[in-house]
There are 2 protein chains.
Amino acid sequence: MLLTDRQLLILQIIVDDFIRSAQPVGSRTLSKKEGISLSSATIRNEMADLEEMGYIEKTHTSSGRVPSEKGYRYYVDHLLSPQALNQQDISVIQSIFAEKIFEFEKVIQKSAKILSELTNYTSIVLGPAVSVNKLKRLQIIPLNKETAVAILVTDTGHVENRTFPLPVSVDPSDIEKMVNILNERLTGVPLEDLHNKIYKEVATLLKQHINNYDLMLHQIAETLKMPIHEKLFFAGKANMLSQPEFNDITKIRNLLTMIDQEEWITNLIRSNTAGISVKIGSENQDRVMDNCSLITATYSAGSEKLGSIAILGPTRMEYSRVISLLKIISRDLTEVFTKLYQE
Amino acid sequence: MLLTDRQLLILQIIVDDFIRSAQPVGSRTLSKKEGISLSSATIRNEMADLEEMGYIEKTHTSSGRVPSEKGYRYYVDHLLSPQALNQQDISVIQSIFAEKIFEFEKVIQKSAKILSELTNYTSIVLGPAVSVNKLKRLQIIPLNKETAVAILVTDTGHVENRTFPLPVSVDPSDIEKMVNILNERLTGVPLEDLHNKIYKEVATLLKQHINNYDLMLHQIAETLKMPIHEKLFFAGKANMLSQPEFNDITKIRNLLTMIDQEEWITNLIRSNTAGISVKIGSENQDRVMDNCSLITATYSAGSEKLGSIAILGPTRMEYSRVISLLKIISRDLTEVFTKLYQE
DNA sequence: TGTTAGCACTCCTAATCAACGAGTGCTAAT
DNA sequence: ATTAGCACTCGTTGATTAGGAGTGCTAACA
């Protein structure tokens with residue numbers, strides 16, 4: 001059953017109004033909106049229909065109407081008018097990229113901060129999966145007789161380091177030889193493949209050149225095997241506390257506790273593979289997200305997806321504005337990283 | 001005016017009871033405690049005296065008594081019976097150090113997590129000031145024609161990295177020469193002194209060996225000058241939401257917002273230079289901490305202070321337990337790092 | 001046939017009030 | 001010095017009330 005133009009208009013105004021005020025919207029309020037020249041009684045009839053179709057709900061028998069999840073979904077899919085950002089917002093966003101950028105993480109972190117400040121919601125940014133980056137250089141630096149630190153530099157300029165125990169009485173010159181061979185053979189290999197590659201292709205080569213290579217190699221290989229998690233950045237966690245739908249402390253506690261579980265939130269955000277994704281309430285598959293919406297966008301370098309940038313807010317979220325902001329920032333991030341990575 | 005033994009006993013029970021129940025303590029409740037064989041009327045008289053001296057307060061004219069800040073202070077200074085931790089707590093703490101440890105940050109982070117889980121308060125750990133660590137090795141790895149990443153390894157195994165722009169058309173062999181000279185001259189120098197040292201002692205030397213050294217050197221020196229902040233780790237921020245004194249959302253929001261300001265919280269925690277410090281309520285110099293206490297301990301390597309470990313909770317905090325836990329963990333951390341750094 | 005005025009009804013909210021009880025301070029007796 | 005007794009205070013709880021916003025339905029209207 002299709003919605004009439006009038007029903008669409010009413011639905012749109014209800015959602016817009018509720019997003020603004022957090023108060024259920026009544027027929028009288030609606031009838032006085034400009035763009036509407038109907039009596040409250042007519043609107044009541046239309047609202048009854050909209051409710052029957054599941055787009056809006058009452059909080060109690062004689063209350064005004066509130067958008068249902070289905071209503072938000074329809075609103076996001078069909079009624080969203082792309083909102084032009086004002087000049088002030090735009091210049092704030094540009095400030096992210098104002099300084100010359102060399103450090104990946106700083107840009108990401110600053111984006112998260114700005115985004116949460118502009119929206120008053122919580123922003124979450126998932127850094128790039130370092131494990132697909134390619135090795136630029138491996139260095140091993142002995143700290144003392146028993147430990148050394150292995151340093152991996154990727155072609156993107158990311159630096160990973162791991163401390164590991166040195167086998168007893170290993171010869172410094174052997175380490176150097178080994179590192180040279182490893183670099184020769186492993187440069188350009190994605191970090192996640194290093195472990196395999198070492199055993200499959202490099203081990204035999206090392207055997208010929210270095211005494212007692214195996215213990216050392218094993219140690220290094222194990223060290224490099226540890227998974228490299230995508231980094232997660234948050235900003236504005238406390239913003240959730242300002243939302244009227246979270247005046248219940250236990251709700252907030254549950255939500256904040258969940259958010260602190262990096263693995264959970266990473267999965268939630270990573271599932272989006274391209275473009276903008278809007279997940280409303282229960283679409284997020286977890287009860288703690290019942291009153292929340294999550295909007296995610298991705299950023300890339302060239303055609304390769306690097307990471308995601310997300311806004312978590314109440315279902316009563318300013319979808320239009322948030323989507324506009326995410327689009328701009330993800331576009332700008334993509335632009336910057338494309339330049340940064342591919343020169 | 002000194003407190004009599006009986007007043008001490010009553011004060012102690014009031015604080016203990018209030019810490020446990022979060023409810024004002026009345027004279028009748030007190031009179032029924034074991035160890036007390038006085039009528040409620042007598043206790044009322046004593047309580048009136050204690051109140052006059054400022055150790056306890058009423059929430060309203062006919063309510064039971066609640067410890068004042070002065071009362072907590074006295075309790076912490078004189079009435080605290082060092083609480084023995086049970087076996088379970090101890091084994092949980094030991095689990096921090098169960099795996100063989102090479103990575104500093106992991107231990108710190110795990111300590112924070114365990115500490116917040118054991119106490120149900122918020123734990124904050126301040127990592128060591130990297131800037132006093134001494135340079136073990138400097139490496140410069142060109143990423144492409146325009147940028148390179150500088151890597152600093154300290155004698156403690158900490159790795160810092162900075163990406164910076166390469167001067168145009170710099171010769172790779174010059175970079176190598178330069179790095180060799182810098183390593184030769186700068187090894188053992190604290191990171192915070194690098195910048196000075198480079199200009200004072202190394203510049204003239206480089207001049208003799210390398211063409212166009214100045215632009216490159218300047219770039220490196222500037223790169224190294226950026227301040228290295230102590231890292232800050234949090235765990236259990238959401239625990240604050242479970243405390244009954246924070247059932248007011250705006251209070252929590254203010255507190256959480258403050259905590260998110262790294263600089264502020266760093267200063268708060270760093271001020272403690274040794275041992276255990278207990279700051280109660282307004283002793284923390286900020287209104288948002290009015291109902292909070294902050295207990296900090298330090299950890300060291302040998303005799304050198306590395307960082308701090310802290311618990312933030314309500315003034316109605318389990319001081320005895322928290323202090324015991326902090327003592328143990330800071331002792332264990334010190335032990336581990338002393339070994340790790342000084343071999 | 002679509003629109004609207006009118007009206008009874010529902011239910012939330014805020015205010016008022018009384019009953020209760022936990023706790024106090026004070027006084028007088030022990 | 002201690003304590004029983006008592007009047008008093010004040011927060012909490014529950015019931016009651018009034019007001020208002022909003023609804024659904026019916027009947028009249030264009």
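Chain A is the first sequence line, chain B the second, and so forth, proteins listed ahead of strands; every chain is numbered from 1.
For the pair Thr61(B) and dC10(D), the criterion of a side-chain N or O lying under 4.0 Å from OP1 or OP2 is met. The phosphate of dA5(C) (OP1 or OP2) has no side-chain N or O of Arg28(A) nearer than 4.0 angstrom. Not one side-chain nitrogen or oxygen of Lys58(B) sits closer than 4.0 Å to the OP1 or OP2 atom of dC10(D). Note on Ser27(A): a side-chain N or O is less than 4.0 Å away from OP1 or OP2 of dT23(D).
With rounding to the nearest 0.5 angstrom, the CG atom of Leu312(A) is 10.5 Å from the OH atom of Tyr121(A).
Looking at heavy-atom distances under 4.0 Å, Ser63(B) makes contact with sugar-phosphate atoms alone, never a base.
The CZ-P distance, from Phe18(A) to dG22(D), rounds to 13 Å in whole Å. At whole-Å resolution of the value, CD in Gln23(A) and P in dG20(D) are 17 Å apart. Atoms CD (Glu52(A)) and C1' (dT23(D)) sit 15 Å apart, rounded to a whole Å. One interatomic measurement links the two molecules: NZ of Lys32(A) to C1' of dT4(C), which rounds to 17 Å at whole-angstrom precision. Taking atom CD of Glu51(B) as the reference point, atom P of dG25(C) lies 7 Å away to the nearest angstrom. Distance CD1 (Ile36(A)) to C1' (dT3(C)): 14 Å, rounded to an integer number of Å. The distance between atom CD of Glu57(B) and atom C1' of dG23(C), rounded to the nearest whole Å, is 17 Å. Rounded to whole angstrom, the span from the CG atom of Leu38(B) across to the P atom of dA4(D) amounts to 11 Å.
Summary of the strand contacts: Ser62(B) and Asn45(B) both lie near DNA chain C, and taking for each the nucleotide with the nearest heavy atom, the more 5' one is attributed to Ser62(B). Each of Glu46(B) and Arg65(A) lies near DNA chain D, and the nucleotide nearest Glu46(B) is the one positioned closer to the 5' end.
Picking from dT24(C), dG22(D), dG25(C) the nucleotide with the shortest atom distance to the side chain of Ala48(B) gives dG25(C). The side chain of Ala41(B) sits closest to dA4(D) out of dG23(C), dA4(D), dT24(C).
Proximity of Leu85(A) to Arg321(A): side-chain heavy atoms (C-beta onward) are separated by under 4.5 Å at one or more points. Side chains of Asp17(A) and Ser21(A) form a contact here, defined as non-hydrogen atoms less than 4.5 Å apart. Taking the side chain as every heavy atom from C-beta outward, Arg316(A) and Pro244(A) approach each other to under 4.5 Å.
Salt bridge Lys251(B)/Glu245(B): absent, no basic N to carboxylate O contact under 4.0 Å.
For a distance-only test at 3.5 Å, the side chain of Arg44(A) qualifies as a donor-acceptor partner of the base of dG24(D).
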